[in-house]
Peer 1: 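Structure below; questions to follow.
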Amino acid sequence: MNEQVIIHDSIASISKAQWNSLAENAGPFLQFEFLHALETSKCCGEESGWRPFHVTVEHDGHIVMAIPGYLKTHSYGEYVFDHAWANAYHQHGIDYYPKWISAVPFTPVTGKRLLIKEGVTCSPALLAQIADTLSAQCQSKYKEHLSSLHWLFVSDRENNFLIKEHHYLTRHSVQFQWHNYGYTHFDDFLNALTSRKRKSISKTRKKLTENGIQFSHYSGSDITPERLAFFVKCYQSTYLKRSGHLGYLNTAFFETLVSTMSERLLIVTASEHGNPVASALFFHDESGLYGRYWGALKDIDSLHFACCYFEGIEFAINNKLTHFNPGTQGEHKILRGFEPIYCQSKHQLFEPAFHDAVANFLQQENEHIAHYFNQAQNALPFNQEFVPTLKTKSVIHPNDDT
């Protein structure tokens, strides 16, 4: 098979139909529309430090593989933190940037990174060809040397492909995810929890109701310009208060999503005595719900948990979704029934000494990750009768493949 590796500085130069054909069942964030919205809104581009550098592999003029990719001139918005690696390069007078990452910008959700046509094999030789092409194109287009390759939040399938390419190191992290064990109602989920935690959640929801808090759900054509504008106002206000800026994503990005993939969106708006006070934006597909962005104009005790977690769980149960990923970080999710899961990324640094140093670092870091995972698992609030059914049993030793 004679493959041609092509680098694209815009997803617009790739066939939307062919991309989405390869991304079928890969979730909402790998859809052409989502990635295209990031670029047309300029959330990703030269000025943002996320230069599109997508990869396609073609055979006889047809795309048989596609990879979302970006040249990065910083490490923000990735959620796999390598600032210490960049500092070490800088201290030795070596450029860490640009680096290339395969990821969904600002979206730490595990998923496919290699979108492959059925029947096509992703061999170590092809991965090496892709790496060589990325390096050559970076040098040709930007007159800069590529320092490293990073595949972030990869699925087990991608991990297995990249294991065959022995230059890659594995880094683990822990997120928290809710699983649907065949619940019919929210009370079914509550009944799986210990009595103390069940009463705590019920008390929180009851108190919010008594204080006049109500929640409304909007999807598809129900996401009117006014409802979207209120969400954006909440999102930007909360980001500004917390981080001093309006967030990575702008109004144009959200407006484009509503115009191109509103059927994948869910906006939950919280109102106090009829006045909107907070809003959250979720994505969903045939099997999962993904909580991404949130904001509030007023501080109300437990409103964040109710709007971003409990309303999401209720939506997932009502729509028979198997899992709910509420976003990265946050041990507070454990006591609300979100189980620890391992996430993994793969890294290749072209400077041999730094590659070896990072390998040693990861071996130590992953021991701590395993300890943290076990602690989180032991803290889950499920009652003893329910514990044997949980999905949190580790299938990965954290030192594998590092």
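Here, residue 1 is the first one in the sequence, and each next residue gets the next number.
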Peer 1: For the SG atom of C234 and the CH2 atom of W294, what is their distance to the nearest 0.5 Å?
Peer 2: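 C234 atom SG to W294 atom CH2 measures 8.0 Å (nearest 0.5 Å).
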
Peer 1: Taking S21 for the side chain and A17 for the main chain, is one N or O donor matched with an acceptor at less than 3.5 Å?
Peer 2: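 Between the backbone of A17 and the side chain of S21 there is no qualifying donor-acceptor contact (under 3.5 Å).
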
Peer 1: At their closest point, which heavy atom of L289 faces which heavy atom of G312, and how far apart are they?
Peer 2: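 Closest pair (atom of L289, atom of G312, distance): CD2-O, 3.2 Å.
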
Peer 1: From R242 CZ over to Y239 OH, what is the distance, rounded to the nearest 0.5 angstrom?
Peer 2: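 So the gap between those two atoms works out to 5.5 Å.
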
Peer 1: Output yes when a side-chain donor or acceptor of Q4 lies under 3.5 Å from a complementary backbone atom of E58, and no otherwise.
Peer 2: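 Checking the backbone N and O of E58 against the side chain of Q4, no donor-acceptor pair under 3.5 Å is found.
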
Peer 1: Looking at H54 versus Y70, is the centre-to-centre ring distance below 6.0 Å?
Peer 2: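 They qualify: ring centres under 6.0 Å apart.
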
Peer 1: If you compare all heavy atoms of P108 against all heavy atoms of F153, which two are closest, and at what distance to 0.1 Å?
Peer 2: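 Taking P108 first and F153 second, the nearest heavy atoms are CB-CZ, 3.4 Å.
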
Peer 1: Looking only at heavy atoms, what is the nearest atom pair of C43 and S48, with distance?
Peer 2: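 Heavy-atom minimum between the residues: O-OG, 3.1 Å.
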
Peer 1: Would you please indicate yes or no on a ring centroid separation below 6.0 angstrom for F310 and F305?
Peer 2: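 No, too far apart.
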
Peer 1: For K117, does the NZ atom sit with more than 12 other heavy atoms under 6.0 Å from it, leaving out its own atoms?
Peer 2: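 Counting neighbours around NZ of K117, 12 or fewer heavy atoms of other residues, nucleotides or ligands fall under 6.0 Å, so no.
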
Peer 1: Taking atom types as modelled, find out whether Q348 and H355 have a side-chain donor-acceptor pair closer than 3.5 angstrom.
Peer 2: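 Distance-only check fails for Q348 and H355.
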
Peer 1: Restricting to ring pair (Phe, Tyr, Trp, His ring centres under 6.0 Å), what partner residues turn up for H368, sequence neighbours left out?
Peer 2: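 Once residues adjacent in sequence are excluded, H368 has no partner under the ring pair (Phe, Tyr, Trp, His ring centres under 6.0 Å) criterion.
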
Peer 1: Test of understanding: with ring pair (Phe, Tyr, Trp, His ring centres under 6.0 Å), list the residues that count as partners of F29, not counting sequence neighbours.
Peer 2: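 Residues passing ring pair (Phe, Tyr, Trp, His ring centres under 6.0 Å) with F29: F34, F283, Y290.
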
Peer 1: Please determine which of H8, H62, Q18 meets the side-chain hydrogen bond (donor to acceptor under 3.5 Å, both in side chains) test together with T56.
Peer 2: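 One option only clears the test, and that one is H8.
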
Peer 1: Check whether the side chains of S75 and Y97 place a donor and an acceptor atom closer than 3.5 Å, and report yes or no.
Peer 2: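 Y97 and S75 do have a side-chain donor-acceptor pair below 3.5 Å.
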
Peer 1: Just say parallel, tilted or perpendicular for the rings of H74 and Y76, cut-offs at 30° and 60°.
Peer 2: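 Rings of H74 and Y76: tilted, 30 to 60°.
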
Peer 1: Salt bridge check: are K298 and E272 linked by an N-O gap of less than 4.0 Å?
Peer 2: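 Looking at K298 and E272, the cut-off is met.
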
Peer 1: Quick one: sort the F282 and F324 rings into parallel, tilted or perpendicular, breaks at 30° and 60°.
Peer 2: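 Tilted: the ring planes of F282 and F324 meet at 30° to 60°.
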
Peer 1: Nearest 0.5 Å please: distance from the CD atom of E365 over to the NE2 atom of H172.
Peer 2: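 Answer for the CD-NE2 pair, E365 versus H172, is 10.5 Å.
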
Peer 1: I'd like to know whether E47 forms a side chain to side chain contact (heavy atoms under 4.5 Å, CB included) with K42, so could you lay out the CA-CA distance, the side-chain angles of the two residues, the decisive distance to 0.1 Å, and finally the verdict.
Peer 2: CA-CA 8 Å; E47 293 183 1; K42 304 212 180 319; 5.7 Å; no

Peer 1: Are the ring centres of F350 and H167 closer than 6.0 Å?
Peer 2: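 No: the rings miss the under 6.0 Å criterion.
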
Peer 1: Show me the donor-acceptor pairs within less than 3.5 Å that the side chains of residues 142-150 make with the rest of the protein, sequence neighbours left out.
Peer 2:
unit_1	atom_1	unit_2	atom_2	d
K143	NZ	S140	O	2.9
E144	OE1	R51	NH1	3.1
H145	ND1	Q139	OE1	3.4
S147	OG	Y96	O	2.5
S148	OG	H150	NE2	2.7
H150	ND1	H347	ND1	2.8

Peer 1: Mark yes or no for whether T322, through its side chain, and S287, through its backbone, hold a donor-acceptor pair below 3.5 Å.
Peer 2: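 It does hold such a pair.
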
Peer 1: Counting N and O atoms only, with roles assigned by atom type, does the side chain of H371 sit under 3.5 Å from a partner on the main chain of E367, one being a donor and the other an acceptor?
Peer 2: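 Checking the backbone N and O of E367 against the side chain of H371, no donor-acceptor pair under 3.5 Å is found.
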
Peer 1: Ignoring hydrogens and geometry beyond distance, is a side-chain donor-acceptor pair present between E33 and N20 at under 3.5 Å?
Peer 2: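 Yes.
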
Peer 1: Taking all non-hydrogen atoms of both residues, which atom of P52 and which atom of G45 are closest, and how far apart?
Peer 2: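 Closest approach of P52 to G45: CD-CA, 4.0 Å.
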
Peer 1: Rounded to the nearest 0.5 Å, how far does CH2 of W19 lie from CD1 of I63?
Peer 2: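 Answer for the CD1-CH2 pair, I63 versus W19, is 8.5 Å.
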
Peer 1: Under a plain distance cut-off of 3.5 Å, with no hydrogens placed, do K346 and N159 share a side-chain donor-acceptor pair?
Peer 2: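 A pair is found: one side chain offers a donor N or O, the other an acceptor, under 3.5 Å apart.
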
Peer 1: Please test F254 against Y235 for ring-ring contact (aromatic ring centres under 6.0 Å, His included), starting from the C-alpha separation and ending with a verdict.
Peer 2: CA-CA 11 Å; F254 293 116; Y235 166 80; 5.3 Å; yes

Peer 1: With no hydrogens and no angle check, is any side-chain donor or acceptor of N366 less than 3.5 Å from a backbone partner on L362?
Peer 2: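 Yes; judged by distance alone, with no hydrogens or angles, the pair exists.
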
Peer 1: Spell out, as yes or no, whether a donor-acceptor pair under 3.5 Å connects the side chain of T133 to the backbone of A131.
Peer 2: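 No; zero donor-acceptor contacts below 3.5 Å.
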
Peer 1: Of all heavy-atom pairs between A306 and F215, which one has the smallest distance, and what is that distance?
Peer 2: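 Reported closest heavy-atom pair: CB-CZ, 3.7 Å.
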
Peer 1: I want to know whether F106 and W50 have ring centres closer than 6.0 Å.
Peer 2: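 Under 6.0 Å, so yes.
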
Peer 1: State whether E314 and R205 are salt-bridged, where the test is any N-O pair (Lys NZ or Arg NE/NH1/NH2 against Asp/Glu carboxylate O) under 4.0 Å.
Peer 2: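 R205 and E314: salt-bridged.
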
Peer 1: Is it the case that the side chain of N180 and the backbone of G182 share a donor-acceptor pair, with hydrogens and angles ignored and the cut-off at 3.5 Å?
Peer 2: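 Looks like yes, one N/O pair under 3.5 Å.
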
Peer 1: Any side-chain to backbone donor/acceptor pair from N211 onto I213? Under 3.5 Å, distance only.
Peer 2: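 Checked: no pair found.
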
Peer 1: Please tell me whether Y183 and W178 form a close aromatic pair, meaning their ring centres lie under 6.0 Å apart.
Peer 2: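 Here the rings of W178 and Y183 have centres that are less than 6.0 Å from each other.
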
Peer 1: For F81, does the six-membered ring have the charged nitrogen or CZ of R171 within the cation-pi criterion, i.e. under 6.0 angstrom from the centroid and within 45° of the normal?
Peer 2: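 That pair does not qualify as a cation-pi contact.
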
Peer 1: Of all heavy-atom pairs between L126 and T121, which one has the smallest distance, and what is that distance?
Peer 2: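 Nearest pair, atom of L126 first, then T121: CD2-O, 4.1 Å.
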
Peer 1: Are side-chain N/O atoms of E331 and Y372 paired as donor and acceptor at under 3.5 Å?
Peer 2: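 Short answer, yes.
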
Peer 1: In terms of heavy-atom contacts, does NE2 of H90 have more than 12 from other residues, nucleotides or ligands at under 6.0 Å?
Peer 2: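 No, the 6.0 Å shell around NE2 holds no more than 12 heavy atoms from other groups.
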
Peer 1: For the atom pair CD1 (I11) and NE2 (H36), what is the distance rounded to the nearest 0.5 Å?
Peer 2: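 NE2 of H36 is found 7.5 Å from CD1 of I11.
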
Peer 1: One pair to check against side chain to side chain donor-acceptor pair (under 3.5 Å): Q175 and Y79. What are the steps and the verdict?
Peer 2: CA-CA 11 Å; Q175 288 184 353; Y79 302 94; over 6 Å; no

Peer 1: Parallel, tilted or perpendicular for Y293 and F231, by the 30°/60° rule?
Peer 2: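 Tilted: the ring planes of Y293 and F231 meet at 30° to 60°.
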
Peer 1: So Y248 and H245, would you call those rings parallel, tilted or perpendicular, with 30° and 60° as cut-offs?
Peer 2: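 Ring orientation of Y248 relative to H245: tilted.
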
Peer 1: When you measure from the side chain of R196 to the backbone N and O of P381, does any donor-acceptor pair fall under 3.5 Å?
Peer 2: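 No.
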
Peer 1: Is it the case that more than 12 heavy atoms not belonging to H185 sit under 6.0 Å from its NE2 atom?
Peer 2: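 Open: at most 12 neighbouring heavy atoms sit under 6.0 Å from NE2 of H185.
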
Peer 1: Spell out, as yes or no, whether a donor-acceptor pair under 3.5 Å connects the side chain of S10 to the backbone of A12.
Peer 2: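 Looks like yes, one N/O pair under 3.5 Å.
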
Peer 1: Only pairs at least two apart or in different chains count here, so list each salt bridge (charged side-chain N to carboxylate O under 4.0 Å, His left out) that has a residue in residues 79-90.
Peer 2: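 Applying salt bridge (charged side-chain N to carboxylate O under 4.0 Å, His left out) to every pair that reaches into residues 79-90, excluding sequence neighbours, yields D82-K99.
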
Peer 1: With rounding to the nearest 0.5 Å, note down the distance linking NE2 in H304 to OG1 in T238.
Peer 2: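 H304 atom NE2 to T238 atom OG1 measures 9.0 Å (nearest 0.5 Å).
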
Peer 1: Taking salt bridge (charged side-chain N to carboxylate O under 4.0 Å, His left out) as the definition, give me every residue that meets it alongside D222, ordered by chain and number, with sequence neighbours left out.
Peer 2: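 Scan of D222 (salt bridge (charged side-chain N to carboxylate O under 4.0 Å, His left out), adjacent residues dropped) gives none.
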
Peer 1: Under a 4.0 Å N-O cut-off, is there an ion pair linking D299 with K241?
Peer 2: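 Salt bridge flag = yes for K241 with D299.
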
Peer 1: Is V174 close to I341 at the side-chain level, that is, under 4.5 Å between some pair of heavy atoms?
Peer 2: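 Counting from C-beta outward, I341 and V174 never come under 4.5 Å.
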
Peer 1: I'd like a table of donor-acceptor pairs (distance under 3.5 Å, sequence neighbours excluded) in which one partner is a side-chain atom from residues 259-269, with atom names and distances.
Peer 2:
unit_1	atom_1	unit_2	atom_2	d
S259	OG	T256	O	2.8
T260	OG1	T256	O	2.8

Peer 1: Any donor-acceptor pair under 3.5 Å linking the side-chain atoms of E286 with those of N25?
Peer 2: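 The answer is no; no qualifying pair exists.
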
Peer 1: Can the ring centres of Y309 and F338 be said to be less than 6.0 Å apart?
Peer 2: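 Y309 vs F338: aromatic centres under 6.0 Å.
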
